[in-house]
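In what follows, a structure is listed as structure tokens, so that the remarks can point back to it.
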Amino acid sequence: MALVSEIPSPPGARRRLRLASPATLEAIGEIEVQTAEDVRSALAAARAAQPDWAALSFAARARYLERALALLLERQDEFVDVIMRESGKPRTEALMIDIFASCDSLAWYAKHAPRILRTRKQRLHGMLRILKQLRVVYQPLGVVGVISPWNGPFVLSLNPSVQALMAGNCVLLKPSEVTPASGRLVGELFAAAGLPPGVLTVLTGDGETGAALVEAGVDKIAFTGSVATGRKVALACARQLIPCTLELGGKDPMVVCADADLDVAAGGAVAGAFFNTGQYCCGTERVYVVESVADAFTRKVVERTAKLRQSDHGEFDVGAVFWGRQLEIIEEHVNDAVAKGAKVLVGGRRNPNLRGLFYEPTVLSDVTHEMRVMREETFGPVLPIVRVASEDEAIRMANDSDYGLSANVWTGNPRHGVELAQRIRSGSVCVNDMAMTYGALEAPFGGRKYSGVGQVNGEAGLRGFCFAQPILVDRFGGRQTAKNYPYSFAKDAGMQRLMRLLWGTPLGRWLS
Ligand code: NAD
């Protein structure tokens with residue numbers, strides 16, 4: 001089963017794809033796959049628009065974001081409908097993940113980017129302080145390619161685009177072929193906010209268009225998606241010597257300590273695993289709970305999971321799986337685990353009462369690290385629980401993974417939680433919460449190991465869309481350099497006396 005299918009087209013014509021809703025399997029539209037030629041002409045338009053865009057003040061750029069924010073607040077129901085139709089998410093998730101987080105991103109970068117990106121005067125150290133002034137200028141890179149996945153189809157397209165735009169770049173955005181209408185909304189929103197033509201262009205298509213964008217000659221790629229595609233993007237960027245950030249998959253662990261509030265921790269586990277139907281990069285994919293509380297914790301998780309409502313309309317908690325390929329992976333992981341001795345405590349099958357792509361929220365016990373469900377990203381509503389003898393064993397097993405995106409620790413002692421958090425090799429950790437770090441815009445966000453390269457969001461992420469150019473101004477009009485060349489032994493002796501003074505005496509070391 002696939003939600004995207006190829007429409008036969010005559011040779012030489014652009015490829016076309018047909019889309020169906022994952023919730024109802026009904027047809028919801030068609031898209032054209034834009035070619036390398038289309039990408040090149042979009043890039044030419046972006047290059048032409050970029051100097052004028054970069055010449056605007058931060059305040060002027062921020063005004064476009066503020067207008068977009070006002071329009072998004074006004075038209076949120078219309079946007080939610082598009083996202084729900086394409087993704088099969090519950091309404092609350094479309095509102096929370098895509099709209100709320102996008103409003104926050106627009107408001108935060110409009111307000112803070114001028115401070116973060118303004119030219120900074122920075123004090124130099126030692127003698128240099130007397131001789132030179134340093135300024136660091138954050139210059140736009142030029143044109144940035146943003147490639148986004150389907151699981152947060154609006155916010156994961158909008159958030160990197162907003163940062164690239166505030167930094168003075170033009171953007172070519174290629175949303176997922178599974179959720180093109182949600183990605184196109186980003187373009188529509190900014191067009192309605194009056195953004196000049198060429199500053200943000202949305203390209204539709206699948207991997208063909210994505211690969212063409214990576215090869216087109218842009219100045220940076222901000223990629224969010226799978227490890228397999230991320231590797232291809234990284235190789236292409238390395239060949240062209242252009243920077244990229246890679247926000248990739250995860251296998252996030254949850255550690256439950258003996259002193260945790262078990263009701264709250266069980267609620268966190270269920271939310272972490274089934275939020276966005278488990279199709280959340282920082283979703284909880286495995287739980288390690290210490291022996292003494294394992295039975296009570298697991299019982300609470302199962303009780304909560306059994307009460308979750310799954311549907312394709314009205315009020316419900318767990319939506320559809322976005323496409324057939326993902327549903328197959330989920331089934332393979334659960335079947336492999338069961339074949340190797342895991343027990344299904346609840347769920348464990350496609351929902352027989354619904355026509356669309358629905359997998360029942362599933363809790364597994366008796367799982368081991370020999371099973372695929374514990375090693376590979378499942379990206380579905382499946383929660384395997386492992387009993388461990390101690391917190392040390394939990395941390396060791398949490399770190400026994402190729403991935404390192406996010407993690408969470410549950411304990412009655414937050415200070416102890418922070419100590420445990422530092423022992424987990426992941427991009428971020430939450431104590432007594434599921435993964436909220438993407439929404440905390442001040443927090444640098446990114447993965448370790450296979451989960452990615454580079455960080456997005458916050459000051460570091462925003463500056464990553466710039467080249468930090470240092471400009472050094474000599475306070476004495478360059479006379480010293482002119483005096484020091486050509487060389488003489490006398491000048492060498494002077495330099496040696498200076499070195500002894502600077503680093504050979506306590507006063508010198510204090511000054512240097
Ligand atoms: P994917 O890698 O299949 O596709 C992502 C995007 O890349 C799509 O737009 C796709 O069309 C495009 N693409 C495909 N082939 C390409 C190529 N050769 N060159 C350039 N672009 C190409 O990923 P997906 O299935 O859409 O997304 C799910 C994955 O994304 C999961 O692994 C999830 O964990 C990850 N994800 C990570 C984060 C994060 O912040 N770390 C956030 C959300 C999702």
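All values below were derived from every heavy atom in this structure, side-chain atoms included, with hydrogens, water molecules and symmetry-related copies excluded. Counting starts at 1 for both ligands and their atoms, following the listed order. Position 1 is the first residue of the sequence, and the numbers go up from there.
Contact between Pro175 and ligand 1 is present, with at least one heavy atom of the residue lying under 4.0 Å from the ligand. Under the 4.0 angstrom criterion for non-hydrogen atoms, Arg325 is in contact with ligand 1. Distances shorter than 4.0 angstrom occur between a heavy atom of Ser176 and an atom of ligand 1. In this structure, Ser148 has a heavy atom closer than 4.0 Å to ligand 1. Contact between Tyr280 and ligand 1 is absent, with no heavy atom of the residue lying under 4.0 Å from the ligand.
For Gly225, a nitrogen or oxygen atom sits less than 3.5 Å from a nitrogen or oxygen atom of ligand 1, counting backbone and side chain alike. Close N/O approach between Lys174 and ligand 1 is found [any backbone or side-chain N/O within under 3.5 Å]. Polar contact check, Leu248 against ligand 1: a nitrogen or oxygen pair lies under 3.5 Å apart. Here's the thing with Glu177: one of its N/O atoms is less than 3.5 angstrom from an N/O atom of ligand 1.
Summary of contacts: the protein heavy atom closest to atom 32 (O) of ligand 1 is Glu377 OE1, 2.6 Å. Protein heavy atom in closest approach to atom 5 (C) of ligand 1: Thr224 O, 3.8 Å. Closest protein heavy atom to atom 12 (C) of ligand 1: Ile147 CG2, 3.8 Å. Nearest protein heavy-atom neighbour of atom 21 (N) of ligand 1: Gly210 CA, 3.5 Å. Residue, atom and distance of the protein heavy atom nearest to atom 17 (C) of ligand 1 are Thr229 CG2, 3.7 Å.
Contact annotation: for Thr209 versus ligand 1, there are no heavy atoms closer than 4.0 Å.
For atom 7 (O) of ligand 1, the choice among Trp323, Phe223, Tyr403, Phe379 with the nearest heavy atom turns out to be Phe223. Comparing Lys232, Gln279, Gln326 by heavy-atom distance to atom 18 (N) of ligand 1, the nearest is Lys232. Between atom 2 (O) of ligand 1 and the options Gly205, Ser226, Pro153, the minimum heavy-atom separation is to Ser226.
Tested against Phe379 for a ring-ring contact (aromatic ring centres under 6.0 Å, His included), the candidates Tyr280, Trp150, Tyr403, Trp323 yield a single pass: Trp150.
Using a 4.5 Å heavy-atom threshold, the side chains of Arg375 and Asp402 count as separate.
Sorted by first and then second residue, the pairs that involve residues 222-240 and meet side chain to side chain donor-acceptor pair (under 3.5 Å), not counting sequence neighbours, are Glu215-Arg239, Ser226-Thr229.
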### Task
Before giving the answer on ring pair (Phe, Tyr, Trp, His ring centres under 6.0 Å), spell out for Tyr64 and Trp53 the whole-Å C-alpha distance, their side-chain angles and the decisive distance to 0.1 Å.
CA-CA 11 Å; Tyr64 288 99; Trp53 177 248; 5.4 Å; yes

